[in-house]
There are 2 protein chains.
Amino acid sequence: MTAETSVESVPRREREREMRRAAMLDAARQVLAEKGFADATIEEIAQIAEFGKGTLYNYFPGGKEEILHAVVEDVYDDLRDLVERSFAADATEPARDQFRRFIGRAFAHFTERRELFRILMKEAQRLGFSGDEERVRFYLEQRRKVAGALEVPVRRAIESGEIRPLPPEAIVHMILGNLQGVQMQMALQDRIGTCTAPSLSSDEASDLVTTILFDGLLTAPAHPRNDSEPGTHAHDA
Amino acid sequence: MTAETSVESVPRREREREMRRAAMLDAARQVLAEKGFADATIEEIAQIAEFGKGTLYNYFPGGKEEILHAVVEDVYDDLRDLVERSFAADATEPARDQFRRFIGRAFAHFTERRELFRILMKEAQRLGFSGDEERVRFYLEQRRKVAGALEVPVRRAIESGEIRPLPPEAIVHMILGNLQGVQMQMALQDRIGTCTAPSLSSDEASDLVTTILFDGLLTAPAHPRNDSEPGTHAHDA
DNA sequence: GTTAGAAATGACCGACCGGTCAGAATGCGA
DNA sequence: TCGCATTCTGACCGGTCGGTCATTTCTAAC
């Protein structure tokens, strides 16, 4: 009955350690989402995880900072997986449909995981704009994980001629910016009882983003669709 | 020579007070951009503004929080002005050109005022997601100043039939999301010597955003342009 | 020059928190 | 059961910082 130290897949001892680590990260997520990095206290994380403060330092010798990094890293890993899974389908599927699927899943992901979105908004930016070289590098690395994954289908769609040959990195940033902007709107929306707007549903939001992104706002093309490069239009002084 | 307390436009005493207040806010902007709210110290702000710490509390009895609010409020006011100025032109100008002008100015505004963008990124979100009812309300109010201003031209363009009749609030959020996403990319880009990308210029960025926003990514319309409502497309489970 | 009121100042206080470490608890093999 | 090793723990320490207020400095009216 009592476990033997046999050569099982994972040495038991280690598995338990991993479980505890996960519990600590769970607690950290919760507190970070609620308070933000600056106001979160190690003490509270420890309390929620039901460990002594000192124990956290066993698992995360780097202290608060290391905990934040671990949490953020997980969030971005999940996001990258989500991207990769969303585009895994056959290559014949129209780009528009593939992206529509991704966008829908991304909204769903963060809608049922508010706290992760909060952490991303509150802390990721802070890392990116931190004065500390190390932190900035970490942030860029994380962001590139996702951007890199998303660049693959974008490039494919450009090569197949489905979408305009604009700089892929820029397209990726715009897509991510759109997602963030609308997710933000939805998050704020139910934060105060819908002040004015008719409360976009997750599905409506997906359609909307896809439409604007792929079809554009204009009702009638101002100039030929195959005018692929932005070209020069009205500039201002 | 010595000033008289005459009934001039502004009572001198008050003007000087206003100047000092402005100097303090300048210093605050600088420190907030560099360190963020949590790590900024009143002491440092006072030092840079060349006042004693106590004096700051004369001008901002609410302390650190009130200072942040004042700074953020100014940023949003400027932004709203920028929106209103950009669309003040005659009503016959095509919507696309008007928005192109706005987008260009917005990039220019934040490109030559990095520190304001930083503050917006680092702190505004934090306010929006704060647990405190009061802070959230403040944030929403600020944001609405800008969103409200931008909604005007959007509504006009919808009514004139130039752009699709999608929910104006959503369009506004997407526009703002795009601007933020791309501005962010540019900010990060020159934060580390351009890792890979060919470094989007401010003007290229404006064209790019305008193109995607108005003309869409697709090279050929997948379905009729006047299919104004997003309609149902590929959904996923 | 005098003085009353306003404004500026920075030493000080108390709260808070990240991180440490000596000792307690626990596990585990002999 | 014993004893060693590993892990857990929370009281404690040092440092920081927001905010206060008694004192000083300035201003301007008389």
Side-chain angles (χ1 to χ4, degrees), chain A residues 1-8 11-25 27-28 31-32 34-71 123 126 132 135, chain B residues 1-8 10-25 27-28 31-32 34-71 123 126 130 132 135:
Chain A
M1 185 66 81
T2 55
E4 72 287 23
T5 338
S6 80
V7 209
E8 253 193 346
R12 223 296 305 289
R13 199 61 170 287
E14 228 166 282
R15 250 196 352 231
E16 284 185 347
R17 190 172 175 88
E18 199 48 47
M19 292 291 285
R20 293 197 197 93
R21 200 186 121 101
M24 291 174 191
L25 284 183
V31 177
L32 282 173
E34 190 184 337
K35 310 266 182 101
F37 181 75
D39 296 334
T41 69
I42 295 282
E43 185 66 43
E44 188 177 356
I45 296 174
Q47 219 151 32
I48 291 180
E50 298 184 293
F51 287 99
K53 192 197 332 193
T55 311
L56 287 214
Y57 284 90
N58 271 341
Y59 287 76
F60 303 94
K64 218 175 161 187
E65 187 88 13
E66 185 178 342
I67 294 177
L68 174 67
H69 276 29
V71 167
E123 301 313 327
R126 210 183 55 83
D132 184 76
R135 274 199 282 268
Chain B
M1 184 66 80
T2 54
E4 71 289 17
T5 339
S6 81
V7 210
E8 254 194 345
V10 184
R12 223 297 302 290
R13 200 59 171 285
E14 226 165 285
R15 251 198 348 233
E16 284 186 347
R17 191 173 173 86
E18 198 48 47
M19 292 291 286
R20 292 196 198 94
R21 200 187 120 101
M24 290 174 190
L25 285 183
V31 177
L32 282 174
E34 190 184 337
K35 311 265 181 101
F37 182 75
D39 296 336
T41 70
I42 296 282
E43 185 65 45
E44 187 175 358
I45 295 174
Q47 219 151 32
I48 291 181
E50 298 183 290
F51 287 99
K53 188 186 357 183
T55 311
L56 286 214
Y57 284 90
N58 270 342
Y59 287 75
F60 303 94
K64 218 175 159 185
E65 188 88 13
E66 185 179 344
I67 294 176
L68 175 67
H69 276 29
V71 168
E123 302 313 326
R126 209 183 56 82
S130 145
D132 183 77
R135 273 199 283 268

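We name chains A, B, ... by the order of the sequence lines, and we start the count at 1 in each one.
A straight line from CD of A:Glu43 to C1' of C:dG18 spans 10 Å, rounded to a whole angstrom. Rounded to an integer number of Å, the gap from B:Glu50 CD to C:dG10 P is 12 Å. Following rounding to the nearest Å, B:Glu14 (CD) and C:dA7 (P) show an atom-to-atom distance of 11 Å. When the C1' atom of C:dA7 is taken as reference, atom NZ of B:Lys53 falls 18 Å away, rounded to whole Å. Following rounding to the nearest Å, A:Gln47 (CD) and D:dC8 (P) show an atom-to-atom distance of 18 Å. Here the C1' atom of nucleotide C:dC17 and the NZ atom of A:Lys35 are 13 Å apart, to the nearest Å. In this entry the distance linking CD of A:Glu44 with P of D:dG10 reads 16 Å, nearest Å. The CD1 atom of A:Ile42 sits 20 Å away from the P atom of D:dC13 (whole-angstrom rounding).
The number of heavy atoms from other shown groups lying within 6.0 Å of CD (A:Glu50) does not exceed 12.
Looking at A:Lys64, its side chain never comes within 3.5 Å of a backbone N or O of A:Ile42 through a donor-acceptor pair.
Contact of the A:Phe60 side chain with the A:Leu25 side chain is registered, since non-hydrogen atoms from C-beta on lie closer than 4.5 Å. At least one side-chain heavy atom of B:Met24 sits less than 4.5 Å from a side-chain heavy atom of B:Thr55.
Contact annotation: A:Arg20 side-chain N/O to D:dT7 OP1/OP2 distance is not under 4.0 Å. Distances shown here put a side-chain N or O of A:Thr55 below 4.0 Å from the OP1 or OP2 atom of D:dT9.
B:Ala40 comes within 4.0 angstrom of the backbone, heavy atoms only, and of no base.
Near DNA chain C, meaning a heavy atom under 4.0 Å from it, residues 56-68 of chain B has B:Asn58, B:Tyr59 in order of number.
Nearest heavy-atom pair, B:Ala49 versus B:Ala23, reported as atom, atom and distance to 0.1 Å: CB-O, 4.1 Å.
For the pair B:Glu123 and B:Arg126, the salt-bridge criterion is met [side-chain N within less than 4.0 Å of a carboxylate O].
For the salt bridge (Lys or Arg N to Asp or Glu O under 4.0 Å) test, residues two or more places apart in sequence or in another chain that qualify with A:Arg21 are A:Glu18.
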